[in-house]
A.B. asks: 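Starting off with a structure, shown below.
Since we're looking at a predicted model, the values are computed, not measured. If you read the sequence from its start, that first residue is 1, and numbering goes on from there.
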Amino acid sequence: MLMSLLGRHKRVLARLAAWSLLESAQTFLLGFALARALDDGFLAGRAAAGVGWLAAAAAAVLAGALGTRRVYGAVAAFVEPVRDELVRAVVTRGLREADDAALSRLTQQVELARDTLAGLVLVARTFVFTAAGALIGLFALAPALLAVVGGPLAVGLVLFAVTLGPLARRQEEFLAADERLAAELGLIAGGLRDIAASGAQERAAESAGDRVDDEYRAARSLAYWGVARTLAVGIGGRLPLVLLLVTAPWLLRHGVTAGGLAGALAYLTQSLLPALQALVQGLGTSGARLTVVLRRLTAGQERPAVDPPRDDAAWPVRLSGLVFAYGPGAAPVIDRLDLSVPAGERLAVAGPSGIGKSTLLALVAGVLRPDAGTVTLGCERVLVPQEAYVFTATLRENLGYFCPQLPSDQALLASAEAVGAAPLVARVGGLDAVVDPAALSNAERQLLALARAHAAPAPLVLLDEATCHLDPAAEACAERAFTGRTLVVVAHRTGSARRADRVLLMDGARAELGTHEELLARSAFYRDLTGTGPSHPSLPLGDPDRVDPVAGARLAGDGGHVIAYGAVGKMEPQRDVGDRGALRGE
């Protein structure tokens with residue numbers, strides 16, 4: 001992957017090499033000019049010549065500064081497009097495969113790759129051009145100097161290269177542990193209600209703790225291998241310095257001048273040793289990390305727990321033996337569920353709070369992964385959660401967010417009209433208006449989210465209490481807007497169940513499937529849940545609407561109005577009951 005990236009940016013890399021070559025001129029003159037200044041100048045009694053050589057070295061430093069300035073611009077021109085490519089790859093993969101590690105990859109690993117790549121390019125090109133300038137300078141001063149320095153340097157580089165493989169493996173283990181931790185925390189955060197309802201708090205905390213411990217162990221193992229870097233620097237950078245001092249008498253007897261020896265020391269201490277230290281530190285940590293990160297960002301994912309969309313459009317959803325629990329040992333929230341939803345059907349998912357309805361939709365959407373069983377999708381899907389997401393941008397961008405290509409304004413306005421959001425669009429100023437999420441009510445945000453889902457080209461729509469802040473009439477309008485698509489709704493009111501073709505009743509690990517009328521006939525639990533049937537018999541008042549006067553509650557505004565028998569907390573619109581004296585429209 002790294003070589004592929006380098007190949008796509010040859011021009012930028014060529015410009016980087018040219019400026020680096022100018023920068024390396026100061027490395028060559030650092031030792032060579034010092035040697036000439038001593039041998040041909042100061043030691044020979046010609047101070048002017050010595051000063052001239054030192055001036056040449058100073059001029060090279062100024063030219064090198066210009067090269068350094070241009071180098072950073074070339075590095076930025078190479079790194080930023082690479083970052084953009086990685087972001088597109090991660091987002092595309094996350095949307096296509098419901099990748100639960102996408103958050104870690106996008107927020108941490110992409111930025112890590114960008115920063116690491118920039119540092120690695122700087123470090124690698126610095127070492128290459130610095131080492132080349134220093135080694136050429138040593139050879140120009142005296143070939144014997146190159147023999148003394150080159151051998152230990154080569155040994156140190158070989159030793160360092162041997163450690164790169166283990167370092168890369170330890171780095172990959174660390175990043176994998178980080179992804180597992182991010183996925184576990186995302187799983188827990190998305191199912192807090194179900195975790196609390198099933199009493200799995202301790203199991204969830206234990207599972208998250210295990211992931212934290214795994215990442216800690218991986219980090220320690222990675223740190224141990226860092227010790228090898230110190231040894232490589234010692235052999236390749238510091239041992240040549242010792243050898244140069246030890247062999248100085250022999251070198252001086254075999255034609256190496258005092259200035260040449262001083263120049264060799266300058267090359268070692270001012271150029272080679274710092275460049276080697278930067279290379280080992282940067283490539284040893286950053287290089288291994290970059291290789292692993294790029295592979296994880298761009299490699300194909302393992303087989304997803306949610307099968308990718310297929311051509312079997314007649315059955316958009318097939319669940320087989322689906323099992324899911326929050327943490328090892330916890331009671332399954334969903335246990336061996338089999339379900340097939342044909343194209344165009346409206347399925348309502350009903351059940352008490354915390355029973356696993358939202359978990360089921362998250363599994364179908366691919367947000368969660370099942371512990372066992374499969375979720376097979378025959379088409380693309382769009383999930384609208386209870387907490388509607390609206391971002392600061394134009395209304396057009398908000399409504400077209402799920403579309404691969406932005407639809408026409410007429411199509412977006414038609415989607416807003418279909419779900420009942422047209423008055424809201426007009427009130428905020430039309431499609432060009434910039435949306436301020438904080439200025440919208442919960443109901444308004446839900447309307448925009450529903451219009452966005454309607455504009456999306458997904459045949460399967462999942463509504464997870466996405467209309468809970470709307471009144472019953474607006475809820476019915478929004479659900480009718482998706483006629484012709486396959487609709488799975490977590491029922492917030494009994495009206496959703498009445499409008500559905502079938503109802504999936506969730507009661508712990510058990511589930512029943514049938515029409516609204518069928519469940520009323522055979523399930524006392526469903527009758528109690530919907531507030532109908534024998535669980536709530538009417539008093540013998542002979543009222544055809546099965547309502548009774550409100551007992552005198554002595555509350556402000558109590559006018560002896562009537563209420564329908566039903567579940568506590570449920571409010572029905574005035575037209576559903578026979579009361580003609582409404583209190584504030586309810």
A.B. asks: Within the 4.5 Å heavy-atom criterion, are Leu145 and Phe139 side-chain neighbours or not?
C.D. replies: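 No, every pair of side-chain atoms sits at 4.5 Å or beyond.
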A.B. asks: Please test Leu245 against Leu265 for side chain to side chain contact (heavy atoms under 4.5 Å, CB included), starting from the C-alpha separation and ending with a verdict.
C.D. replies: CA-CA 9 Å; Leu245 295 175; Leu265 289 172; 4.1 Å; yes
A.B. asks: Got a donor-acceptor contact below 3.5 angstrom from the Arg36 side chain to the Gly50 backbone?
C.D. replies: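 Absent.
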A.B. asks: Give, for atom CZ of Phe391 and atom CD of Glu397, the distance between the pair rounded to the nearest 0.5 Å.
C.D. replies: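 CD of Glu397 is found 6.5 Å from CZ of Phe391.
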A.B. asks: Evaluate whether atom CZ of Arg217 has more than 12 neighbouring non-hydrogen atoms of other residues, nucleotides or ligands under 6.0 angstrom away.
C.D. replies: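 For Arg217, atom CZ is crowded (more than 12 foreign heavy atoms under 6.0 Å).
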A.B. asks: Find out whether Thr394 and Val435 are in side-chain contact, i.e. whether some heavy atom of one side chain is under 4.5 Å from a heavy atom of the other.
C.D. replies: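 The answer is no; the side chains never approach within 4.5 Å.
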A.B. asks: Taking all non-hydrogen atoms of both residues into account, name the closest pair between Pro457 and Pro404 and its distance.
C.D. replies: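 Distance-wise, the nearest heavy atoms are CG-CD, 3.9 Å.
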A.B. asks: Given Val149, which partner from the list Leu268, Leu241, Leu239 fulfils the side-chain contact (heavy atoms from CB on, under 4.5 Å) test?
C.D. replies: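 The passing option is Leu268.
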A.B. asks: Which pair of non-hydrogen atoms, one from Cys403 and one from Ala456, has the smallest distance, and what is that distance?
C.D. replies: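 So the minimum-distance heavy-atom pair works out to SG-CA, 4.0 Å.
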A.B. asks: Looking only at side-chain N and O atoms, does Ser207 offer a donor or acceptor that is under 3.5 Å from a partner on Glu184?
C.D. replies: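 Judged by distance alone, the side chains do pair up.
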A.B. asks: Do Pro240 and Val148 have side-chain heavy atoms sitting under 4.5 Å apart?
C.D. replies: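 The answer is no, as the side chains (C-beta and beyond) never meet within the 4.5 Å cut-off.
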A.B. asks: Ignoring hydrogens, what is the shortest heavy-atom contact between Ala248 and Leu261? Give both atom names and the distance.
C.D. replies: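 Nearest pair, atom of Ala248 first, then Leu261: CB-CD2, 3.7 Å.
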A.B. asks: Is there a side-chain contact between Leu244 and Leu251, using heavy atoms and a 4.5 Å cut-off?
C.D. replies: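 Side-chain contact under 4.5 Å: yes.
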A.B. asks: Looking only at the side chains, is there a donor atom on one of Tyr326 and Thr359 sitting less than 3.5 Å from an acceptor on the other?
C.D. replies: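 Yes, Thr359 and Tyr326 have a side-chain donor paired with an acceptor closer than 3.5 Å.
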A.B. asks: Step by step, would you call Val364 with Leu377 a side chain to side chain contact (heavy atoms under 4.5 Å, CB included)?
C.D. replies: CA-CA 8 Å; Val364 173; Leu377 301 180; 4.1 Å; yes
A.B. asks: Is there a donor-acceptor contact under 3.5 Å from the side chain of Asp464 to the main chain of Gln386?
C.D. replies: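 No; zero donor-acceptor contacts below 3.5 Å.
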A.B. asks: Can you tell me how far CG of Leu462 sits from CZ of Arg381, rounded to the nearest 0.5 angstrom?
C.D. replies: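 One gets 8.5 Å once the value is rounded to the nearest 0.5 Å.
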A.B. asks: Can you confirm whether Leu30 sits close enough to Ser271 that some side-chain heavy atom of one is under 4.5 Å from a side-chain heavy atom of the other?
C.D. replies: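 The answer is yes, as the side chains (C-beta and beyond) meet within the 4.5 Å cut-off.
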A.B. asks: Which is it for Leu38 and Thr257 under the side chain to side chain contact (heavy atoms under 4.5 Å, CB included) test, yes or no, and what are the steps along the way?
C.D. replies: CA-CA 9 Å; Leu38 288 174; Thr257 64; over 6 Å; no
A.B. asks: Just so I know, are the side chains of Val323 and Ile334 near enough to count as touching, which here means a heavy-atom distance under 4.5 Å?
C.D. replies: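 They are not in side-chain contact.
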A.B. asks: Find the distance between OG1 (Thr374) and CG (Leu319) and round it off to the nearest 0.5 Å.
C.D. replies: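 With rounding to 0.5 Å, OG1 (Thr374) is 8.0 Å from CG (Leu319).
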A.B. asks: For a quick test of reading the model, state the closest non-hydrogen atom pair linking Tyr267 to Gly133 and the distance between them.
C.D. replies: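 That closest heavy-atom pairing would be CE2-O, 4.4 Å.
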A.B. asks: Look up atom OG in Ser358 and atom CG in Leu368, then write down how far apart they are to the nearest 0.5 Å.
C.D. replies: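 Spacing of OG (Ser358) from CG (Leu368) equals 10.0 Å.
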A.B. asks: Would you say that Leu279 contacts Leu157 through its side chain, given a criterion of any heavy-atom pair below 4.5 Å between the two side chains?
C.D. replies: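 Contact flag for Leu279/Leu157 side chains = yes.
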A.B. asks: Search all heavy atoms of Phe324 against all heavy atoms of Pro370 and return the closest pair with its distance.
C.D. replies: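 Smallest interatomic distance, heavy atoms only, reads CD1-CA, 4.2 Å.
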A.B. asks: Would you compute the distance between atom CG of Leu276 and atom CZ of Arg238 and round it to the nearest 0.5 angstrom?
C.D. replies: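 Between Leu276 CG and Arg238 CZ, I get 9.0 Å after rounding to 0.5 Å.
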A.B. asks: Would you say OH of Tyr401 has more than 12 non-hydrogen atoms from neighbouring residues, nucleotides or ligands within 6.0 angstrom?
C.D. replies: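 Not buried by this count: 12 neighbours or fewer within 6.0 Å.
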A.B. asks: Restricting to non-hydrogen atoms, name the atom on Leu243 and the atom on Thr247 that form the minimum distance, rounded to 0.1 Å.
C.D. replies: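 Nearest heavy atoms, Leu243 then Thr247: O-OG1, 2.6 Å.
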A.B. asks: Taking side chain as C-beta onward, heavy atoms only, is Arg336 less than 4.5 Å from Leu322?
C.D. replies: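 Answer no - side chains too far apart.
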A.B. asks: Where the side chain of Arg452 meets the backbone of Asn398, is there a donor-acceptor pair that is under 3.5 Å apart?
C.D. replies: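 At least one qualifying donor-acceptor pair exists.
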A.B. asks: To the nearest 0.5 angstrom, please state how far the CZ atom of Phe129 sits from the OG1 atom of Thr27.
C.D. replies: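 So the CZ of Phe129 and the OG1 of Thr27 are separated by 11.0 Å.
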